Amino acid sequence: MVSEELHERVREIIRSIPRGRVASYGDIAALASAPTPRLVGRILSEDGHDLPWHRVLRANGTPAPGLARRQLELLRAEGVLADGEKVSMREYRWRP
DNA sequence: GCCCTGACGCAAG
DNA sequence: CCTTGCGCCAGGG
């Protein structure tokens with residue numbers, strides 16, 4: 001199990017991503033001092049329903065397979081456009 | 001216990 | 001585009 005403290009830290013950071021911006025799993029992990037970006041994906045999968053989860057992408061700008069449709073749709077709704085399945089990180093990446 | 005699988009990543013070659 | 005190596009963890013296909 002993941003420490004409750006880290007768990008909440010990750011959630012809080014994701015919550016602070018502004019509309020129209022995105023962050024990578026690695027970005028979140030770094031900000032939360034998480035041991036690995038994969039942990040972020042796991043936390044998100046089991047306890048991310050109430051978070052702006054769609055603003056979290058992989059480092060290359062592609063979304064998680066299987067949720068790609070919904071995710072890109074939600075992003076598009078807030079002005080984040082994708083080229084195919086890839087979002088331009090250079091353009092939309094959130095920097096605290 | 002062990003192996004596989006997950007919204008589980010990412011950088012380098 | 002693909003593969004490899006390193007990183008890390010819980011639940012049960």
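So you know, we letter chains A, B, ... as the sequences are listed, proteins then strands, and number each from 1. Here the structure is a predicted model, which is why all the values come from computation and not from measurement.
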Counting any heavy atom closer than 4.0 Å, what does A:Leu44 reach on the DNA or RNA strands: base, sugar-phosphate only, or nothing?
-> base
Output the single nucleotide from C:dC8, C:dA10, B:dA7 whose closest atom is nearest the side chain of A:Pro35.
-> C:dC8
Would you sort out whether A:Arg55 and A:Arg19 count as a side-chain contact (heavy atoms from CB on, under 4.5 Å), showing the intermediate values?
-> CA-CA 8 Å; A:Arg55 309 214 257 250; A:Arg19 273 179 67 92; 3.5 Å; yes
Whole-Å distance separating the CG atom of A:Asp47 from the P atom of C:dA10 = 16 Å
Just how far, in rounded Å, is P of B:dG9 from CG of A:Leu57?
-> 12 Å
Partner of C:dG13 by Watson-Crick or G-U wobble geometry, both contacts under 3.5 Å, or none?
-> none
May I have the distance from A:Leu39 (atom CG) to B:dT5 (atom C1'), rounded to whole angstrom?
-> 16 Å
Calculate the interatomic distance between A:Arg58 atom CZ and C:dC1 atom P; express it in whole Å.
-> 11 Å
Side chain of A:Ala59 - closest among B:dC10, B:dA7, C:dC8 | B:dC10
Looking only at side-chain atoms of A:Trp53, point me to the closest of B:dA7, B:dA11, B:dG9.
-> B:dA7
Taking the nucleotide of DNA chain B with the closest heavy atom to each, which residue, A:Asp27 or A:His54, is nearer the 5' end?
-> A:His54
For the side chain of A:Arg42, counting heavy atoms from C-beta on, which of B:dG9, C:dC8, C:dA10 is nearest?
-> C:dA10
Comparing nearest nucleotides in DNA chain B, the 5'-proximal residue of the pair A:Asn60, A:Glu46 is A:Glu46
Pick out which of A:Val10, A:Ile28, A:Ile14 makes a side-chain contact (heavy atoms from CB on, under 4.5 Å) with A:Ile43.
-> A:Val10
Would you mind reading off the distance between A:Leu6 atom CG and C:dC9 atom P, rounded to a whole angstrom?
-> 10 Å
Roughly, in whole Å, what's the span from CG in A:Leu72 to P in B:dA7?
-> 17 Å
Find out if a path of hydrophobic residues (ILVMFWY) with successive side-chain heavy-atom gaps under 4.5 Å connects A:Leu74 to A:Leu67.
-> no
A:Thr36 side chain N/O closer than 4.0 Å to the phosphate oxygens (OP1, OP2) of C:dC9?
-> no
Using a heavy-atom cut-off of under 4.0 Å over every strand shown, decide if A:Pro63 touches base, sugar-phosphate, or nothing.
-> nothing
Tell me the partner of B:dC2, counting only Watson-Crick (N1-N3 plus N6-O4 or O6-N4) or G-U wobble (N1-O2 and O6-N3) with both under 3.5 Å; none if nothing fits.
-> none
Of all the heavy-atom pairs spanning A:Arg93 and A:Arg21, show the shortest one and how long it is.
-> O-NH2, 2.7 Å
Rounded to the Å, how far apart are A:Tyr25 OH and C:dC9 C1'?
-> 16 Å
For A:Gly26, report the nucleic acid contact type (base, sugar-phosphate, nothing); a contact means any heavy atom under 4.0 Å.
-> sugar-phosphate
Under 4.5 Å between any side-chain heavy atoms of A:Lys86 and A:Ser88, yes or no?
-> no
So, A:Glu12 and A:Arg9, do they make that salt bridge, N to O below 4.0 Å?
-> no
What interatomic distance, in whole Å, is found between C1' of B:dA7 and the corresponding atom of C:dC1?
-> 23 Å
Between P of B:dA7 and CD of A:Glu73, the distance in whole Å = 20 Å
Inter-nucleotide P distance (B:dT5, B:dG1), Å rounded | 23 Å
